[in-house]
Amino acid sequence: MSRLTHLANTPPVPVPVRELSVVSADGSRLHVELHGPEGAPAVVLAHGWTCNTRFWDAQVRDLAVDHRVVVYDQRGHGRTPEAGPDGYSTRALADDLEAVLKATLAPWQKAVLGGHSMGGMTLMAAAGRDAVREHGAAVLLCSTGSSRLTAESLVLPLRAGAFRTRMTAAVLGARAPLGPVNAVSRAILKYATMGRGSAPDRVDACARIVHACPRGARVAWGHVLAELDLEARLRELRLPTAVIAGTEDRLTPPVHARAVEAALPNSLGLTELAGMGHMTPVEAPEVVTAKLRELVAAYVTVDGAGSTAAAVREEEIA
């Protein structure tokens, strides 16, 4: 199939049923989109570093047929403005998620919470928050880690050690512009973030999303990621939680997923996707979407409340 034919057959980008501007704890405004029928079982999705709501297009297309899907732009990404100099932290990630949950879900309405990369770190950072305890039914963590991101990264083909760690931190915080999307930049992005077998159209989609991220936000969040330590918060994530990782992920290699899964108080297991890289919701959309549907079916009732199974599991680990 030619590229033009493929694009002609690609489903259109989902159009939100409703858009909101949600105010976070420090006054930052967040762009939020609601897709799908009101009153349907809810899913809330948080994207990763340098991405935006479009990163979840495949999941929104499928799930919004019979789910209420909430997606939002993390601060400085997409249509959410950049924050001030002190506005980038794991606390801010947690504040923003809490604000989105309170603004989009009815009191005590339960939802499956999904996060990719920095979005998964958002869920860890917010694990002890009242809004997560009130609204979370189950969690899906995709391609993420809780600490030692620069020490474990395989993006730079260097021997593990202090020098590679310092160089990786420098790359995360680099101020150099990413430049236009072209054959060279797509190849670089694919090497750093995607598996060898990723389809060209999915590489192109990720490149366009990543290159659209404002440089200021990319750099600011890069510094936060370089110093990340959410291990204590991870142990507070008591909701039933599934983990997905790509075996060829260089940014957050499978060692992170295994450590996260081992530390979870209520793990539903780890799924490792052979040949996939860091961008699992785009590289393997069918697997990620199916896991979200599975979690909704198990832990969210039709009226949006938590299921009996979820209540029983919470009592078992209390």
Side-chain angles (χ1 to χ4, degrees), residues 10-20 22 30-37 40-80 93 96-97 100-101 103-105 111-123 126 136 138-144 193-194 198-199 201-213 221 242-246 251-252 271 273 276-296 300:
T10 300
V13 173
V15 176
V17 172
R18 186 181 175 197
E19 296 185 356
L20 299 176
V22 172
L30 311 169
H31 172 71
V32 182
E33 299 177 6
L34 288 80
H35 298 260
V43 176
V44 180
L45 302 174
H47 68 73
W49 180 48
T50 71
C51 296
N52 58 50
T53 58
R54 298 281 68 82
F55 189 80
W56 297 108
D57 277 354
Q59 285 70 45
V60 171
R61 286 189 191 102
D62 186 302
L63 293 172
V65 174
D66 51 1
H67 293 70
R68 185 68 155 180
V69 184
V70 179
V71 292
Y72 69 101
D73 285 322
Q74 303 264 28
R75 55 178 63 197
H77 296 75
R79 292 167 64 184
T80 292
L93 291 175
D96 294 352
L97 175 63
V100 170
L101 294 176
T104 60
L105 300 176
V112 167
L113 312 179
H116 168 259
S117 192
M118 193 174 79
M121 298 160 199
T122 299
L123 297 176
V139 170
L140 177 61
L141 300 176
C142 298
S143 310
T144 192
T193 69
M194 304 181 79
S198 295
D201 60 304
R202 294 177 180 178
V203 175
D204 185 69
C206 283
R208 293 186 184 284
I209 289 170
V210 169
H211 281 242
C213 181
W221 283 122
V243 182
I244 286 178
L251 276 177
T252 53
T271 302
L273 303 179
M276 296 295 104
H278 183 68
M279 303 299 209
T280 45
V282 174
E283 293 180 85
E286 301 85 358
V287 176
V288 173
T289 303
K291 182 59 70 174
L292 289 167
R293 281 189 172 276
E294 178 185 318
L295 293 174
V296 171
V300 182

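All heavy atoms count here, side chains included; hydrogens, waters and symmetry mates do not.
Here D57 pairs with R54 under the side-chain hydrogen bond (donor to acceptor under 3.5 Å, both in side chains) rule; sequence neighbours left out. A212 meets the side-chain contact (heavy atoms from CB on, under 4.5 Å) test with no other residue; sequence neighbours excluded. Applying the side-chain hydrogen bond (donor to acceptor under 3.5 Å, both in side chains) test to N52 and every residue at least two apart in sequence or in another chain returns nothing. Applying the side-chain hydrogen bond (donor to acceptor under 3.5 Å, both in side chains) rule to T271 yields no partners; only residues at least two apart in sequence or on another chain are considered. In terms of the side-chain contact (heavy atoms from CB on, under 4.5 Å) criterion, residue partners of A64 (sequence neighbours excluded) are, by chain and number, H35, V60, V69. Taking R202 as the reference, nothing meets the side-chain hydrogen bond (donor to acceptor under 3.5 Å, both in side chains) condition, with sequence neighbours excluded. Considering only residues two or more places apart in sequence or on other chains, E19 meets the side-chain contact (heavy atoms from CB on, under 4.5 Å) condition with P16, H31, E33, R79. With sequence neighbours left out, T104 forms a side-chain contact (heavy atoms from CB on, under 4.5 Å) with L20, V32, L34, V70, V100.
The closest donor-acceptor contact from the side chain of E283 to the backbone of M279 lies under 3.5 Å. Put simply, the side chain of T80 never gets that close to the backbone of G76: no donor and acceptor are under 3.5 Å apart.
The line from SG of C51 to CD1 of I209 is 6.0 Å long, rounded to the nearest 0.5 Å. Here the OG atom belonging to S198 is positioned 12.5 Å from the CG atom belonging to D204, to the nearest 0.5 angstrom. Put simply, NE2 on H77 and OG1 on T53 are 11.5 Å apart, with the number rounded to the nearest 0.5 Å.
With hydrogens and angles left out, the side-chain atoms of T252 and T144 include no donor and acceptor closer than 3.5 Å.
Between F55 and V210, the closest side-chain pair of non-hydrogen atoms is not below 4.5 Å. Annotation: side chain of Q59 is in contact with side chain of P281 (closest heavy-atom distance under 4.5 Å). A heavy-atom distance below 4.5 Å is not found between the side chains of V203 and D201.
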Worked check of side chain to side chain contact (heavy atoms under 4.5 Å, CB included) between L63 and T289: CA-CA 7 Å; L63 293 172; T289 303; 4.0 Å; yes
Can you list the steps and then say if M194 with C206 is a side chain to side chain contact (heavy atoms under 4.5 Å, CB included)? CA-CA 9 Å; M194 304 181 79; C206 283; 3.9 Å; yes
Show me the side-chain donor-acceptor pairs of residues 40-50 shorter than 3.5 Å, one per line, residues at least two apart or across chains.
{"from": "H47", "atom 1": "NE2", "to": "Q74", "atom 2": "N", "distance (Å)": "2.9"}
{"from": "W49", "atom 1": "NE1", "to": "R218", "atom 2": "O", "distance (Å)": "3.0"}

Which atom pairs, donor and acceptor, lie under 3.5 Å between side-chain atoms of residues 111-118 and protein residues at least two apart or in another chain?
{"from": "H116", "atom 1": "NE2", "to": "H278", "atom 2": "O", "distance (Å)": "2.8"}
{"from": "S117", "atom 1": "OG", "to": "H278", "atom 2": "NE2", "distance (Å)": "2.9"}

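For residues 63-74, the salt bridge (charged side-chain N to carboxylate O under 4.0 Å, His left out) pairs, not counting sequence neighbours, are D66-R293.
For the residue pair L140 and V243, the shortest heavy atom distance occurs at CD1-N, 4.5 Å. When every heavy atom of G36 is checked against every heavy atom of V17, the shortest pair comes out as N-CG2, 3.5 Å. Closest approach of W221 to L93, counting heavy atoms only: CH2-CD2, 3.4 Å.
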